[in-house]
Amino acid sequence: MKNIAVLLGDGVSSEILDSAIKVLNKVSDVYNLKFNYNYAPIGGRAYDEVGVPLPDKTVETCLKSDAVLLGAVGDWKYDTLAPELRPERALLGIRKKLNLFANLRPVKVFDELLNSSPLKPEIAQDVDVMIVRELTGDVYFGEPKGITKKRTLDNREIKVGFNNMIYDEDEIRRIAHVAFKAAQKRKKRVCCVDKANVLDVSRLFREVTTEVSKEYNDVELSYMYVDNCAMQLVLNPKQFDVILTGNIFGDILSDEASTICGSLGMLPSASMSSGNTPYMYEPIHGSAPDLAGKNSVNPIATILSVAMMLYYSFNEKSACDSIYRAVKDVLKQGYRTRDIFDKNNTELCTTSKITDLIIERIR
Ligand code: IPM
Ligand code: MG
């Protein structure tokens, strides 16, 4: 029996989680696995229910589970709340509480969606990049931070906002190991992406990554500045195998890279700890409040996140593969949600319809 914490968030969360759980139930039948779901609120939903975005009980539910599945958090209606009550704070909080320092974001283009990519098919075809994003450090968590006041030379009092971009060498070392190990199972190339021409913290990131690379003689290490990487991802994304980067650069580059696949609605992610706390799985897209309740959101990112869960948390490789195959088959036969719909030879599907089509194909 595997216990899965299911964190209900905002916007389209309940629809995409419904789809993901239907898929898990089918996997459970076909592969004779038992899943038990423990639901808990997070984000705006938790704020509405109990007054905080990340209730202790939700954290406890996660800690007792074997894996965590998360929808998404955030809604404009919470935009005026104090920073510590905002839904996004819950996401950062749960990552920190579960010590999920390694975020894997695979960017793999399905041939069937080449027409939905904004890049030319010959550039997008066969792109297969793994972004390894550090997730519990950097300017996201660095202290000191805040908004205070200062005096200008002409004696005016003005506001000043600041965050601290900071990594220590232990934090860099452990994420670098994750990247090199991932590369060993792939094309054996790691590109360290940073801003070492300007930032001291990036100089250290490079230095420690270089040191760690000596333990992985079979993996080739290269370096790239983040601004150049943003450009290379659209010029020639095939040059990348594993991209190793910090929290904020990884956040930005993964949204950019996702569009290569045709839609943000296609990208899953896995967030991992050093093993003593459960891993968490979530689509990389947000809560899309404007789509909520319309049965039109693309559930594939969440369904593929479940596939990653089966692979990384439960070591169920064939179940994972069967989900990928089912998704590919559905796309091949021309079924599309709105975000990936193209007028030529495809059929527009609702969230529940495409989910059912995927489920039928899991065997
Ligand atoms: C992501 C999201 C989050 C992040 C937000 C919602 C806090 O953009 O998972 O990429 O910045 O990490
Ligand atoms: Mg993001």
Side-chain angles (χ1 to χ4, degrees), residues 7-13 16-17 20 41-47 52-54 58 62 68-79 81-107 129-142 145 163-165 167 171 175 193 226 229-230 233 243-261 263-273 279-292 297-298 301-302 304-305 308-309 339:
L7 302 189
L8 288 170
D10 308 312
V12 295
S13 266
I16 53 179
L17 288 173
I42 191 166
R45 177 187 299 263
Y47 173 77
V52 287
L54 183 59
T58 295
C62 294
V68 180
L69 180 63
L70 172 75
V73 297
D75 195 317
W76 303 298
K77 65 181 185 203
Y78 305 109
D79 279 358
L81 289 179
E84 64 279 9
L85 295 176
R86 288 181 58 124
E88 293 77 12
R89 196 52 80 84
L91 190 52
L92 302 190
I94 193 73
R95 288 171 180 170
K96 198 73 172 177
K97 294 257 187 203
L98 299 180
N99 200 15
L100 302 170
F101 67 89
N103 185 216
L104 268 50
R105 298 189 159 182
V107 179
V129 186
M130 178 66 88
I131 299 182
V132 176
R133 169 191 177 192
E134 201 289 331
L135 203 60
T136 51
D138 203 346
V139 67
Y140 271 64
F141 293 93
K145 62 176 184 148
N163 289 88
N164 189 4
M165 192 177 236
Y167 272 120
E171 290 171 319
I175 192 69
V193 173
V226 63
C229 180
L233 272 171
I243 288 179
L244 162 64
T245 192
N247 204 346
I248 185 95
F249 297 154
D251 178 44
I252 299 166
L253 294 175
S254 59
D255 265 33
E256 185 195 3
S258 74
T259 67
I260 303 171
C261 303
S263 166
L264 196 55
M266 294 298 298
L267 256 78
S269 80
S271 303
M272 303 172 168
S273 62
Y279 298 173
M280 186 164 87
Y281 301 85
E282 57 176 313
I284 85 153
H285 64 72
S287 52
D290 51 330
L291 295 182
V297 64
N298 185 350
T302 317
L304 295 179
S305 299
M308 290 186 88
M309 176 189 291
D339 56 319

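In listed order, ligands and their atoms are each counted from 1.
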Query - Exercise: identify the closest heavy-atom pair between Pro53 and Leu85 - result: CG-O, 3.6 Å
Query raised in the report: Got a second to check how far Ile16's CD1 is from Glu282's CD, nearest 0.5 Å?
Result: 9.5 Å
Query raised in the report: Judged by non-hydrogen atoms, does Ile284 sit under 4.0 Å from ligand 1?
Result: no
**Report entry** Closest protein heavy atom to atom 5 (C) of ligand 1, given as residue, atom name and distance to 0.1 Å
**Finding:** Leu91 CD2, 4.1 Å
**Report entry** Shortest-distance N/O/S atom, Asp251 versus the Mg ion (ligand 2)
**Finding:** OD1
Report task. May I ask you to list the atoms of ligand 1 that are less than 4.0 angstrom from any heavy atom of Arg95? Result -> 1 (C), 4 (C), 9 (O), 12 (O)
Query raised in the report: Would you say Arg105 touches ligand 1, if touching means a heavy atom closer than 4.0 Å?
Result: yes
Report task. Any salt bridge (charged side-chain N to carboxylate O under 4.0 Å, His left out) involving residues 246-259? Give me the pairs, sequence neighbours left out, ordered by first then second residue. Result -> Arg133-Asp251
Query raised in the report: Should we say atom NZ of Lys97 is surrounded by more than 12 heavy atoms from elsewhere, each under 6.0 Å from it?
Result: no
Query raised in the report: Do Glu171 and Ile175 pass the side chain to side chain contact (heavy atoms under 4.5 Å, CB included) test, and can you show the C-alpha distance, the side-chain angles, and the key distance before you say yes or no?
Result: CA-CA 7 Å; Glu171 290 171 319; Ile175 192 69; over 6 Å; no
Query raised in the report: What protein heavy atom sits nearest atom 4 (C) of ligand 1, and how far off is it?
Result: Tyr140 OH, 3.4 Å
Query - Heavy-atom nearest neighbour in the protein, as seen from atom 8 (O) of ligand 1, with distance rounded to 0.1 Å - result: Asp251 OD1, 3.2 Å
Report task. For Arg133, take its heavy atoms, then give the atoms of ligand 1 lying under 4.0 Å from any of them. Result -> 1 (C), 4 (C), 9 (O), 10 (O), 11 (O), 12 (O)
Requested in this report: State the CG-CG distance between Leu304 and Leu267, to the nearest 0.5 angstrom.
Outcome: 8.5 Å
